[in-house]
Amino acid sequence: MGVTNKIDKSRMMGTAAFKKEINHLLYYNSFTTSDGEYDAGWNSRDHSLVMALMLKSRDYYPKIANGKCMFVQGPVAGNAAFGVGQENHYKSGHNWLIHSKFGLIDVSPSLQTKEHRFREPFNGIFNRVWLPPGKERVSVVLCHDLHDYEEKVEKARHAMNHTTAVYLHLDDLEVTEKLIKNPFKFLNSRFSTEIKNRFGADFYPAVAEHLHDFFVGKRNSLISLARLKAWGTVFDEFSG
């Protein structure tokens, strides 16, 4: 008689456990760019690529969306509104996944700053739904032009006791075998440069395989390991 592995729902996409796992493997230290823009180290392109690899269906990969995002917490308890993400004038952008079933998928943002913490827990956005669900003080807004994006961000800054995720969707990128074999021009981050030097392109499919096996309960979490150790463990187990 075959053995059926029961999926641990606490590890599924949209849970705190899944988000901690993928973030641990794909985050980097925050820094300020030469243009004076703050980069929180989310590495959204790396997250999107790994999620696309993980969610491949037959020969098709989900598309990677390109644009900007701002997570805005409105005024609350005497504290002024604040936001984390890309202001309209930023040269940098944001990427997330567009899936035929799950819609907009974004698990890269870390919603905290040195001065504040967002009031609502955040495990990711799936199909324009903020997870964990059941919160009335959050919303997800999708825009398709810069003017609308600016307006929605400004509106969010005046929404009392409310947190808003505002996305600007500009275009999409097809995930191809060519991109998977040579991803670093697309990724173009401090994180991906280090990964290229240490492991090469096989690192990203390895992370996707680890996350799949973690998801179905076949692999243990690596968050207790130092990040470099966790990278090496994933690469050694799944590459090649």
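The structure displayed is predicted, hence computed values, not measured ones. Positions are given from 1 along the sequence. Atom set for the values below is all heavy atoms of this structure, side chains included, hydrogens, waters and symmetry mates excluded.
- Transitive grouping of hydrophobic side chains (ILVMFWY, heavy atoms separated by less than 4.5 Å) keeps I223 and M54 in distinct clusters.
- A52 and Y61 make their closest contact through O-CD2, 3.5 Å (heavy atoms, listed as atom of the first residue, atom of the second, distance).
- Atom OH of Y60 is surrounded by 12 or fewer heavy atoms from other residues, nucleotides or ligands within 6.0 Å.
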Derivation and outcome, side chain to side chain contact (heavy atoms under 4.5 Å, CB included), residues V141 and Y167: CA-CA 6 Å; V141 178; Y167 284 82; over 6 Å; no
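- F82 has its side chain out of reach of F71: every pair of non-hydrogen atoms, C-beta onward, lies at least 4.5 Å apart.
- Looking only at distances, no side-chain donor or acceptor of N127 sits under 3.5 Å from a matching main-chain atom of V129.
- Atoms CD1 and CZ, from I195 and F184 in turn, are 7.5 Å apart once rounded to the nearest 0.5 Å.
- Using a 4.0 Å cut-off between a side-chain N of Lys or Arg and a carboxylate O of Asp or Glu, E194 and R198 qualify as a salt bridge.
- When every heavy atom of P132 is checked against every heavy atom of N123, the shortest pair comes out as CD-ND2, 3.5 Å.
- Nearest heavy atom pair, residue S48 against residue L97, reads O-CD1, 3.4 Å.
- To the nearest 0.5 Å, atom NE2 of residue H158 and atom OG1 of residue T164 are 12.5 Å apart.
- Remark: K56 NZ is packed, more than 12 non-hydrogen atoms of other residues, nucleotides or ligands lying under 6.0 Å away.
- Residue-environment remark: CG (N220) stays at or below the threshold of 12 foreign heavy atoms within 6.0 Å.
- Side chains of S221 and E21: a donor on one and an acceptor on the other come within 3.5 Å.
- The structure places CG of L170 at 9.5 Å from CG of D145, a figure rounded to the nearest 0.5 Å.
- Put simply, the side chain of H47 gets close to the backbone of W42: a donor and an acceptor are under 3.5 Å apart.
- Residues N88 and V153 form no side-chain contact, since every pair of their non-hydrogen atoms from C-beta on lies 4.5 Å or further apart.
- Judged by distance alone, with hydrogens and angles left aside, the side-chain atoms of Y27 form a donor-acceptor pair with the main-chain N or O of S110 at under 3.5 Å.
- Hydrophobic clustering (ILVMFWY, side-chain heavy atoms < 4.5 Å, transitive): L222 and F214 are in distinct clusters.
- Membership of an apolar cluster is not assigned to M160, as no side-chain contact below 4.5 Å to another ILVMFWY residue is traced.
- Between E237 and R219, some side-chain heavy-atom pair lies under the 4.5 Å cut-off.
- Side-chain N or O atoms of D148 include none that pairs as donor or acceptor with a backbone N or O of C143 at under 3.5 Å.
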D172/I64 under side chain to side chain contact (heavy atoms under 4.5 Å, CB included): CA gap, chis, key distance, verdict: CA-CA 6 Å; D172 296 325; I64 295 176; over 6 Å; no
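- The same ILVMFWY cluster, assembled from side-chain heavy atoms under 4.5 Å apart, contains both V50 and L179.
- Within the 4.5 Å cutoff, side-chain heavy atoms of E150 are placed close to those of H147.
- The CZ atom of F186 lies 7.5 Å from the CG atom of N66; values are rounded to the nearest 0.5 Å.
- Here the side chain of R45 pairs a donor or acceptor atom with the backbone of N188 at under 3.5 angstrom.
- Of the inter-residue distances, the one linking K152 atom NZ with L142 atom CG reads 10.5 Å to the nearest 0.5 angstrom.
- Judged by distance alone, the side chain of Q73 and the main-chain N or O of G83 form no donor-acceptor pair under 3.5 Å.
- In terms of heavy atoms, H162 sits closest to S139 at NE2-OG, 2.9 Å.
- In this structure, F238 and F203 have side chains that are not in contact, with every pair of non-hydrogen atoms separated by 4.5 Å or more.
- A donor-acceptor pair is defined here as one N or O able to donate and one able to accept, closer than 3.5 Å; such a pair exists between the side chain of T15 and the backbone of S10.
- Judged by distance alone, the side chains of D106 and S108 do bring a donor and an acceptor atom under 3.5 Å apart.
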Stepwise side chain to side chain contact (heavy atoms under 4.5 Å, CB included) check, L173 with N95: CA-CA 10 Å; L173 173 71; N95 296 86; over 6 Å; no
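- In the model, E87 has no side-chain atom that pairs as donor or acceptor with a side-chain atom of Y149 under 3.5 Å.
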List, one per line, each side-chain donor-acceptor pair under 3.5 Å for residues 227-235, sequence neighbours excluded.
from, atom 1, to, atom 2, distance (Å)
R227, NE, H24, O, 2.7
W231, NE1, L25, O, 3.0
T233, OG1, K229, O, 2.9

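- Across R11 and F18, no two heavy atoms sit closer than the pair O-CB, 3.5 Å.
- D46 and Y204 form a side-chain donor-acceptor contact under 3.5 Å, judged by distance and modelled atom types alone.
- Atoms CG and CD1, on L131 and I125 in that order, are 8.5 Å from each other to the nearest 0.5 Å.
- No path of Ile, Leu, Val, Met, Phe, Trp and Tyr side chains, each step under 4.5 Å between heavy atoms, connects M70 with V84, placing them in separate hydrophobic clusters.
- Hydrophobic cluster membership is shared by L49 and F191, with clusters built from Ile, Leu, Val, Met, Phe, Trp and Tyr side chains linked at under 4.5 angstrom.
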Side chain to side chain contact (heavy atoms under 4.5 Å, CB included) between L55 and M13, worked out: CA-CA 11 Å; L55 293 173; M13 292 186 300; 4.0 Å; yes
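- Contact check for W96 versus L104: side-chain heavy atoms found under the 4.5 Å cut-off.
- Using a 4.5 Å cut-off on side-chain heavy atoms (C-beta onward), F126 and H99 make no contact.
- Contact check for M51 versus I105: side-chain heavy atoms found under the 4.5 Å cut-off.
- Distance alone, capped at 3.5 Å, is enough to place a donor-acceptor pair between the K19 side chain and the P109 backbone.
- Residues I180 and P205 come closest through the heavy atom pair CG2-CG, 4.3 Å.
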